[in-house]
Amino acid sequence: MKRVVHAACPHDCPDACGVLITIEDGRATKIQGDPAHPVTRGFLCAKVAKYLDRVYSPDRVLYPMKRIASKGTSGAQAWQRVTWDEALDAIASKLRAISDEHGPEAILPYSYGGTLGALNHGAMDRRFFHRLGASQLDRTICSSAGGDALISLTGWKLGTEPEQFRHSKYIIAWGANIHGNNVHLWPFIEEARRNGAKFVVIDPYRTRTAKYADWYIAINPGTDGALAMAMMHVVIRDRLYDADYVAQHTFGFDQLCERVRDFTPEVAARYTGIAPSEIETLAREYATTRPAAIRVNYGIQRADNGGMAIRAVAMLPTITGSWKEVGGGLQLSTSGAFKLNRAALERTDLMLASPLKRIARTLNMSELGRVLHGVNDPPVKALFVYGSNPAAVCPDHNRVLSGLKRPDLFTVVHEQFFTDTTDYADYVLPATTFFEHKDLQTAYGHYWLQVSDQAITPLGECKSNVDLFRELAVRTGFDEPCFRESIDAMIDAALDTPHPFLHGIDRARLERESHVRLNFKGNGHDSTEPYLPFAKGEFPTSTGKAELYSESLKQQGLDPVIQFVPNPESRHNPDSRYPLELLARKADNYLNSTFANLSVTQQMESPGLIELHTDDASARNINDGDLVRVFNSRGELHLHAHVNGAVQPGVVAARLNWAKLTDGGKNINVLTSQRLTDIGRGATFYATLVEVEKVRQ
Ligand SMILES: Nc1nc2c(c(=O)[nH]1)N[C@H]1C(S)=C(S)[C@@H](COP(=O)(O)OP(=O)(O)OC[C@H]3O[C@@H](n4cnc5c(=O)[nH]c(N)nc54)[C@H](O)[C@@H]3O)O[C@H]1N2
Ligand SMILES: Nc1nc2c(c(=O)[nH]1)N[C@H]1C(S)=C(S)[C@@H](COP(=O)(O)OP(=O)(O)OC[C@H]3O[C@@H](n4cnc5c(=O)[nH]c(N)nc54)[C@H](O)[C@@H]3O)O[C@H]1N2
Ligand code: SF4
Ligand SMILES: [Mo]
């Protein structure tokens, strides 16, 4: 018996692809992109195209496991297989004991982007931890700096839909590795270029995307705010802005003019390394070629000044009025449009029924290293990890590891594979992949909602996040009806909202049509027309306008307009102890640390490298292929030098990998810090200074 099931890729990727899975005799035999999905257009990225190897990998965690060797060890000798009953009972009673002794806030859930399915990402888990009274997690590790910065300007995380890029005449990929991280935008850009569009890439790393650009601008890391301010200087000085749009729909234009008056291309050139004449050209071309679209991604906000950088870049389409045009505007994220009934899914009100009887404290996931070293009261005594691999992805890896090694810390990890983090778990619980459970799928790079159907029965004894936390709630004695809700009832609850964007969209329709575009008609837009979120202003800010001046930023002690401050770890800080700016990047063929352990994806990557400019290599007597030590005050690791022209002098780049798959058991996050961004308390992975030296062999 052969059948085809419609699913949706839940990985942490803007594209949220529609996926068709062929099942024969209960086994998945083929995966392909849904040709009917308007953004997926029938193809998948290289890593998910090989997904059968992931689902059926012999390395999957298939049964609950209890640690029988010291933390930090892995392999068969570290684990004893136990039943689900034993594991759930032991975990429930340990959490109860910790709660009784230290208060429930001593328990910290830790989850992020393993799955973005609305139910498995954040629903039954949230209900469980809220009812327990556990600490809340501030999920800042990826996008909070840029997200909060965009909201400070536009009030809402909305942006240009990918389908509109085909109409653009000028496209800037700004800190956006489209080929690697957002490949389904690419066909629309190609179509635009066939119609004469110019394609500009601004990135300190010569990505695959940069190689295709008409104009590649190798900016110094952490200086995008300066570039955007100088571009606004030119646009305002030469009166290339849209005076009408600015007058009607923005607040604080005079203060912005004042702020950028002296921020000339010459000033910006000193920071960015881009010649003043090039900044002039970029600004003039951007403002005068219509329509012009900016795809800014999260790369530029992973730095101390990253929030302000996104704010500055997002001001550009606001002052040029480019939001009015089909194929104009800017995309950072489209996630704000998916107005699911999160209150019903997450039930924060359950905290009031917990032993705490109040809203629990919030701990920042990007500071896990600090959080695990007892700086809070009560200290964290239990860590419950699911959908995340903090022992690989968190900044300041050595601090994170010394925390995870604490003998008094009770750690549970719900996982598909034996990752870096499971090496520190007391219990590992087996998790389903998206083939094995049903979910509701939003997106952050387009406006299509999908139901992802279950394609196969769970392998081994795997359970989905929803099922795990449902069962744990019952074991813990929670009897609220929400803990008995079925998957379908949860999907219905998520869609049960008065918001016009979800009007007319229910589960039956999603199951029938596979993907449904949000209903923009309710916002005064026709649902089949291109969606222009801010064409008529309608910024949901306190002033109802785009806030070039933001009172709320001022209240947070931040510059209410815009400001450029160089990152403390950068070549612009005269006190810097280390000379090289490290881009601790993602791999094009992994997804953060996911896929790093599979040989099919490893074959597409070259892990274990540090990319250097030839000047920096020869100054250190380093040749291509040499083993080098990369270090700073936080840590060190050994990588092989690769002198390949990808970076400018003064910049080096390396990629995220599982620590235990790297020489010496360390990954690049031994070098990154726990400093937080100016806006949004985010992680600052891309503002890291290091030195590199040859290892004498
Ligand atoms: N293949 C693949 N796809 C992915 C992911 C993955 O790991 N692999 N991760 C997913 C996730 S979680 C996310 S958040 C998205 C992120 O998608 P992106 O935001 O595109 O991801 P990044 O790779 O963090 O950054 C993009 C680019 O910014 C550049 N960059 C770094 N610092 C600066 C700077 O100071 N200025 C400028 N202009 N550019 C800078 C980097 O070199 C990189 O090429 O991608 C998702 N998709
Ligand atoms: N140096 C450096 N560090 C970075 C970044 C960087 O660019 N450079 N990027 C940062 C960014 S943008 C992000 S978003 C974070 C990502 O950090 P994480 O969200 O931790 O991402 P992953 O490394 O993909 O780990 C997700 C884990 O969830 C598991 N998983 C998948 N699906 C499920 C499921 O349904 N249930 C359960 N229980 N588990 C599941 C996967 O097997 C995988 O091990 O990393 C950050 N860290
Ligand atoms: S990871 Fe992204 S591009 Fe790849 S299949 Fe999933 S959603 Fe599509
Ligand atoms: Mo991310």
Side-chain angles (χ1 to χ4, degrees), residues 7-19 31-34 37 39-41 43-51 112-114 116 139-144 146-147 172-186 201-210 217-228 272 274 295-303 305-306 309-310 313 332-333 393 434 441 443-446 567 570 581-596 601 604-605 611 646-647 651 653 655-657 682-688:
C9 176
H11 283 290
D12 188 351
C13 166
D15 298 3
C17 288
V19 170
I31 180 169
Q32 64 187 116
D34 184 353
H37 190 292
V39 179
T40 308
R41 297 169 96 185
F43 76 98
L44 299 173
C45 63
K47 55 198 178 298
V48 173
K50 309 261 175 21
Y51 215 75
Y112 201 67
L116 298 192
R139 292 180 169 79
T140 57
I141 204 161
C142 169
S143 60
S144 60
I172 304 180
W174 200 325
N177 179 13
I178 294 167
H179 260 263
N181 300 351
N182 175 205
V183 67
H184 291 85
L185 183 59
W186 187 249
V201 171
I202 304 173
D203 196 311
Y205 184 91
R206 186 184 284 273
T207 58
R208 271 194 274 170
T209 320
I217 301 175
I219 191 170
N220 289 334
T223 64
D224 303 270
L227 175 59
T272 59
I274 307 166
R295 175 48 161 143
V296 59
N297 215 326
Y298 287 107
I300 75 168
Q301 49 102 65
R302 305 190 201 289
N305 62 17
I310 290 282
V313 172
L332 173 67
S333 172
V393 304
F434 77 97
Q441 189 66 41
Y444 66 97
H446 60 69
N567 292 317
S570 75
E581 295 178 318
L582 169 71
L583 299 174
R585 300 176 73 252
K586 303 165 187 306
D588 282 0
N589 298 294
Y590 303 157
L591 204 134
N592 298 315
S593 77
T594 306
F595 298 96
T601 31
M604 299 188 278
E605 275 296 324
E611 294 163 277
V647 289
V651 180
R655 295 182 184 195
L656 191 57
N657 194 2
T684 54
F685 295 108
Y686 297 168
T688 301

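All of these numbers come straight from a predicted model, not from anything done at the bench. Any value given below was found using the heavy atoms of this structure, including those in side chains, with hydrogens, waters and symmetry copies removed. Throughout, numbering of the chain's residues begins at 1 and tracks the sequence. Just so you know, ligand 1 is whichever comes first in the structure, and atom 1 is the first atom listed for that ligand.
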Are Ile310 and Leu332 close enough that some pair of their side-chain heavy atoms sits under 4.5 Å apart?
yes
Heavy atoms only: which of Leu583, Asp224, Leu332 lies closest to atom 36 (N) of ligand 1?
Asp224
Which residue holds the protein heavy atom closest to atom 2 (Fe) of ligand 3, what is that atom called, and what is the gap in Å?
Cys13 SG, 2.3 Å
Identity and separation of the nearest protein heavy atom to atom 31 (C) of ligand 1
Tyr686 CD1, 3.2 Å
Considering only protein heavy atoms, which is closest to atom 15 (C) of ligand 1, and at what distance to one decimal place?
Tyr444 OH, 3.9 Å
Which atoms of ligand 1 sit under 4.0 Å from any heavy atom of Ile202?
38 (N)
Does ligand 1 come near enough to Pro204 that some N or O of the ligand is less than 3.5 Å from an N or O of the residue?
no
Is there a side-chain contact between Gln441 and Pro10, using heavy atoms and a 4.5 Å cut-off?
yes
Filtering Asp203, Leu116, Val48 for the heavy atom nearest atom 44 (O) of ligand 1 leaves Asp203
Please confirm whether Arg302 approaches ligand 1 to less than 4.0 Å, judged on its heavy atoms.
yes
Relative to the heavy atoms of His184, which atoms of ligand 3 are at a distance of less than 4.0 Å?
3 (S), 8 (Fe)
Show the atoms of ligand 1 that are less than 4.0 angstrom away from any heavy atom in Asp588.
1 (N), 2 (C)
Atom 6 (Fe) of ligand 3: which protein heavy atom is closest, and how many Å away?
Cys9 SG, 2.3 Å
Just so I know, are the side chains of Cys142 and Arg302 near enough to count as touching, which here means a heavy-atom distance under 4.5 Å?
yes
Does Thr207 use its side chain to pair, donor to acceptor, with the backbone of Ala210 at less than 3.5 Å?
yes
Shortest non-hydrogen separation from Pro14 to Ala443 and the atoms involved:
O-CB, 4.2 Å
With heavy-atom distances below 4.5 Å as the criterion, would you say the side chains of Val651 and Pro221 are in contact?
yes
If the cut-off is 4.0 Å to any non-hydrogen atom of Asn297, which atoms of ligand 1 fall inside it?
17 (O), 18 (P), 19 (O), 20 (O)
For ligand 1, which atoms, with element, lie under 4.0 Å from some heavy atom of Tyr205?
42 (O)
By the definition side chain to side chain contact (heavy atoms under 4.5 Å, CB included), identify the one residue from Asp15, Leu591, Val183, Asn182 that meets it with Cys45.
Val183
What protein heavy atom is closest to atom 26 (C) of ligand 1, reported as residue, atom name and distance in Å?
Gly175 O, 3.2 Å
Which residue supplies the protein heavy atom nearest to atom 7 (O) of ligand 1, what is that atom called, and how far is it?
Asn592 N, 2.7 Å
Quick one: are the ring centres of His446 and His37 less than 6.0 Å apart?
yes
Would a distance-only check, ignoring hydrogens and angles, find a side-chain to backbone donor-acceptor pair under 3.5 Å from Asp34 to Thr40?
no
With side chains defined as the heavy atoms from C-beta onward, is the minimum distance between Phe595 and Val48 less than 4.5 Å?
yes
Can you list the ligand 1 atoms lying under 4.0 Å from a non-hydrogen atom of Thr207?
44 (O)
Partner of Glu605 under salt bridge (Lys or Arg N to Asp or Glu O under 4.0 Å), chosen from Arg585, Lys586, Arg655
Arg655
With atoms numbered from 1 as shown, which atoms in ligand 3 lie under 4.0 angstrom from a non-hydrogen atom of Ala16?
7 (S)
Pick whichever of Ile172, Asn182, Asn181 has a heavy atom sitting closest to atom 45 (O) of ligand 1.
Asn181
What I'd like to find out is whether the side chain of Ile178 reaches to under 4.5 Å of the side chain of Arg295, using heavy atoms alone.
yes
Shortest protein contact, atom 25 (O) of ligand 1 (heavy atom only)
Gly299 CA, 3.1 Å
Give the numbers and elements of all ligand 1 atoms closer than 4.0 Å to a heavy atom of Ile219.
38 (N)
Atom 46 (C) of ligand 1: nearest protein contact (heavy atom, Å)
Asp12 O, 3.3 Å
Counting from 1 in the order shown, the ligand 1 atoms closer than 4.0 Å to a non-hydrogen atom of Cys142 are 14 (S)
So is Ile300 polar-close to ligand 1, meaning N/O to N/O under 3.5 Å?
no
Atom pair NZ/CE of Lys50 and Met604 - distance to nearest 0.5 Å:
4.5 Å
For Arg585, the atoms of ligand 1 under 4.0 Å from one of its heavy atoms are 41 (C), 42 (O), 43 (C), 44 (O)
So which protein heavy atom does atom 8 (N) of ligand 1 come closest to, and at what separation?
Tyr590 O, 2.6 Å
Give the residue and atom name of whichever protein heavy atom lies nearest to atom 5 (S) of ligand 3, and the separation in Å to one decimal.
Val48 CB, 3.5 Å
CH2 (Trp174) and CD1 (Ile219) are apart, to the nearest 0.5 Å, by 6.5 Å
Where is the nearest protein heavy atom to atom 35 (O) of ligand 1: which residue, which atom, and how far?
Gly222 N, 2.7 Å
Is there at least one pair of N or O atoms, one from Asn589 and one from ligand 1, spaced under 3.5 Å apart?
no
Donor-acceptor pair between Gln301 and Tyr686 side chains, under 3.5 angstrom
no
What part of Tyr298, side chain, backbone, both or neither, has a heavy atom within less than 4.0 angstrom of ligand 1?
both
Kindly say whether the aromatic ring centers of His11 and Tyr590 come within a distance under 6.0 Å.
no
Side-chain donor-acceptor pair under 3.5 Å between Asp12 and Tyr444, yes or no?
yes
So, Asp588 and Asn177: side-chain donor and acceptor under 3.5 Å apart, yes or no?
yes
Contacting atoms of ligand 3, where contact means under 4.0 angstrom from a heavy atom of Cys45
1 (S), 3 (S), 4 (Fe), 5 (S)
Please determine whether Cys17 has a backbone or side-chain N, O or S atom lying under 2.8 Å from atom 8 (Fe) of ligand 3.
yes
Based purely on interatomic distance, does Ala587 place a nitrogen or oxygen under 3.5 Å from a nitrogen or oxygen of ligand 1?
yes
